[in-house]
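Each remark here refers to the structure printed beneath this line.
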Number of protein chains: 2
Amino acid sequence: MNAIAPSHLSARSRHPSSSIPHPLQRLDAVAIISSCGPRQELCREGQPASTIYRVIAGAALRSVIRPDGRRQVVDLLFPGDFFGLTAGADYDNTVESAARGTIVAGYPRKRAEAQADSDPKFARELRQIAFDELSRLQAQLLILGRVTVPEKVGSFIVAVAHRLSPGCGDRVTLPISRYDIADYLAVSAETVSRSLSELQRRGVIRLTGTRVLQILDREALEEHDHHDWLSSLPSRRAPSQLPPASCASTPSRTASAN
Amino acid sequence: MNAIAPSHLSARSRHPSSSIPHPLQRLDAVAIISSCGPRQELCREGQPASTIYRVIAGAALRSVIRPDGRRQVVDLLFPGDFFGLTAGADYDNTVESAARGTIVAGYPRKRAEAQADSDPKFARELRQIAFDELSRLQAQLLILGRVTVPEKVGSFIVAVAHRLSPGCGDRVTLPISRYDIADYLAVSAETVSRSLSELQRRGVIRLTGTRVLQILDREALEEHDHHDWLSSLPSRRAPSQLPPASCASTPSRTASAN
DNA sequence: CGAGTGGTTGAAATCCGTCAAGAATAGTGG
DNA sequence: CCACTATTCTTGACGGATTTCAACCACTCG
């Protein structure tokens with residue numbers, strides 16, 4: 001049952017640790033707080049998913065290993081993010097801590113699901129956790145969809161800044177290594193490094209430390225790659241306007257595929 | 001309320017259309033079936049998300065338009081897939097039909113959420129819909145994470161084959177155009193075309209029609225890109241074995257970040 | 001039959017991954 | 001506290017892959 005109980009984790013306690021509100025707060029009393037080292041496995045693919053985790057401090061990576069040995073980071077988990085909530089009985093991916101001083105809280109899944117069945121509000125909170133994950137995955141899809149690597153790195157920086165210090169501040173501290181960033185962006189670590197240097201050379205960011213940087217031109221980071229796109233001509237790639245009003249209110253042909 | 005009621009859709013009826021079981025079946029009685037033309041907008045980003053949709057036939061694309069005019073397809077929707085279930089009050093993305101003869105069912109969101117609050121089983125089904133979408137998004141992340149375009153196209157073909165005709169069959173009918181595939185894989189349409197040709201030249205697939213192909217070597221499609229990866233040496237990129245047992249059962253240092 | 005969409009293929013420039021070496025940082029032990 | 005070492009990070013050079021621009025076919029629809 002508790003087969004995957006994090007026997008390899010430690011510093012367990014039952015102190016609710018954080019006082020900020022969060023979806024599974026009602027279960028804080030039974031939460032298990034674990035503090036873990038730099039590159040520690042928090043849950044492994046294929047093992048029974050008996051625990052839902054929430055990151056309290058630090059950062060964690062959800063990743064898969066490809067048959068060719070390449071690692072792909074599927075989700076980047078910061079304080080407040082949940083992981084381990086799956087549809088099936090087992091974990092889909094491996095999650096490992098990416099930073100020192102990473103702390104997670106573990107909630108018993110059975111308890112959560114039982115609570116959801118009796119408490120509609122709690123059920124909505126559980127749904128919210130899934131929505132949050134959808135949001136993160138979609139954000140990453142948009143990053144991976146960018147064309148050049150400097151663009152990817154730029155969007156990544158903006159995303160991290162937004163998630164770590166919402167709204168305020170130009171200063172960003174990257175919580176993971178270049179290699180982790182590379183596996184997250186599906187590019188090589190060297191190119192990540194080069195892109196950071198190039199962004200600095202362009203005056204878009206300023207590297208004040210290996211993992212600390214300052215955003216100088218947020219506009220340029222988020223958007224274009226210094227291409228001028230004054231050409232707003234609706235290329236066939238961007239059918240912003242779909243077939244205008246032609247078939248808008250008229251009955252579209254009843255599918256020929258019926 | 002029904003502000004986004006698909007006035008531009010048509011052929012509405014209240015016949016439950018399909019008899020196969022699905023999560024929102026309990027609401028089939030109030031479902032609105034719509035049949036739509038080739039490139040018709042089903043819901044638009046920013047509009048109030050008052051309807052949850054299910055694809056009955058055909059295919060649909062959930063996409064965003066980048067500031068540079070490029071379109072990115074975020075989700076590919078086949079029969080059985082739901083869309084429009086959001087966390088917030090408005091739709092996050094635009095969804096358009098990608099094939100002729102696409103049919104969708106619309107379920108009132110308010111009804112669904114109300115039902116979920118009073119029926120735990122229904123709440124689980126709603127959660128399942130979110131999990132399914134998570135599953136699709138993650139699958140796409142893995143495709144986008146592949147290195148070469150032939151690999152991306154190969155995984156795409158396998159994924160489509162798996163979703164359209166589970167298990168059986170070598171024959172696949174691509175339900176969307178090359179341009180849609182390109183925007184889904186975040187590559188140029190020309191390269192998609194070239195990759196298909198190359199895969200055929202390699203004897204991995206056989207194009208029997210512009211959108212119909214036959215899988216000849218499923219193994220090669222899913223896996224490597226004819227690179228020999230007999231080198232199973234655990235490069236630093238693939239820490240399959242994390243710090244072995246060193247800190248496995250011993251208390252990891254209590255985070256210095258406390 | 002002509003127009004338009006969708007699809008394929010070619011050639012050139014660019015971008016990125018790989019290999020390789022060097023620099024900086026952090027962690028360890030004395 | 002310092003030196004030592006391993007890791008992480010940066011930069012260079014080269015070859016291959018992809019994008020872009022362009023032209024050319026196939027098919028469908030009116």
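Below, chains carry the letters A, B, ... as their sequence lines are ordered, and counting in each starts from 1. Predicted model, so just to flag it, every value in this text is computed and none were measured.
One atom, CG of A/Leu144, and another, C1' of C/dC16, lie 15 Å apart when rounded to the nearest Å. Per the geometry, CG belonging to B/Leu174 stands 15 Å off C1' belonging to C/dT8, to the nearest Å. Separating the CG atom of A/Asp183 from the C1' atom of D/dT8 is a distance of 14 Å, rounded to the nearest angstrom. In this structure, CZ of B/Arg39 is placed 17 Å from P of D/dT28, rounded to the nearest angstrom. Between the CZ atom of B/Arg178 and the P atom of C/dG6 there is a distance of 12 Å, rounded to whole Å. One interatomic measurement links the two molecules: CD of B/Glu151 to C1' of C/dC16, which rounds to 15 Å at whole-angstrom precision. Between the CD1 atom of A/Ile176 and the C1' atom of D/dC9 there is a distance of 14 Å, rounded to whole Å. Atom P of nucleotide C/dG17 and atom CZ of B/Arg146 are separated by 15 Å, given to the nearest angstrom.
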List every contact pair, protein side and nucleotides 21-24 of chain D side both N or O, where the distance is under 3.5 Å.
{"residue": "D/dC21", "atom": "N4", "partner": "B/Glu190", "partner atom": "OE2", "Å": "3.4"}

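Residue-level contact check: A/Ser177 touches the backbone only, with heavy atoms under 4.0 Å from sugar-phosphate atoms and none from bases.
At a threshold of 4.0 Å, the pair B/Arg146-A/Asp68 does not count as salt-bridged, since none of the basic side-chain nitrogens sits closer than that to a carboxylate oxygen.
A ring-ring contact (aromatic ring centres under 6.0 Å, His included) check over residues 183-219 of chain B, counting only residues at least two apart or in different chains, returns the pairs B/Phe156-B/Tyr184.
In the set C/dC16, C/dG6, D/dT8, the nucleotide with an atom closest to the side chain of A/Val149 is C/dC16. Side chain of B/Arg100, nearest nucleotide from D/dC29, C/dG7, C/dG17: D/dC29. Out of C/dT18, D/dC9, C/dC16, the shortest distance to the side chain of A/Thr148 is found at C/dC16.
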Side-chain donor-acceptor pairs under 3.5 Å in residues 165-173 of chain A, sequence neighbours left out?
{"residue": "A/Ser165", "atom": "OG", "partner": "A/Ala161", "partner atom": "O", "Å": "3.3"}

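Dashed line: the shortest gap from a side-chain N or O of B/Ser188 to OP1 or OP2 of D/dT20 is not under 4.0 Å. Within the 4.0 Å cut-off from OP1 or OP2 of C/dT18, at least one side-chain nitrogen or oxygen of A/Arg70 is found. Remark: A/Ser197 is in phosphate contact with D/dT11, judged by side-chain N or O atoms under 4.0 Å from OP1 or OP2.
For B/Val158, the side-chain contact (heavy atoms from CB on, under 4.5 Å) partners at least two apart in sequence or on another chain are B/Leu221, B/Glu222. The side-chain hydrogen bond (donor to acceptor under 3.5 Å, both in side chains) check on B/Gln140 picks up nothing, with sequence neighbours excluded. The side-chain hydrogen bond (donor to acceptor under 3.5 Å, both in side chains) check on A/Gln72 picks up A/Arg66, with sequence neighbours excluded. Every residue two or more places apart in sequence or in another chain was checked for a side-chain hydrogen bond (donor to acceptor under 3.5 Å, both in side chains) with A/Ser195, and none qualifies. Remark: B/Arg194 pairs with no residue by the side-chain hydrogen bond (donor to acceptor under 3.5 Å, both in side chains) rule, at least two apart or across chains.
Of the two residues contacting DNA chain C, namely B/Gly209 and A/Ser195, the nearest-nucleotide position lying further toward the 5' end is that of B/Gly209. Between B/Thr191 and A/Ala186, it is B/Thr191 whose nearest contact on DNA chain C lies nearer the 5' terminus.
Judged purely by distance below 3.5 Å, without hydrogens or angles, the side chains of A/Asp92 and B/Gln138 never pair a donor atom with an acceptor atom.
The residue from A/Glu133, A/Glu96, A/Glu45 that alone fulfils the salt bridge (charged side-chain N to carboxylate O under 4.0 Å, His left out) condition with A/Arg62 is A/Glu133.
Taking the C1' atoms of five terminal pairs at each end of the helix from C/dC1-D/dG30 to C/dG30-D/dC1, the two resulting helix axes are inclined by 50°, rounded to 10°.
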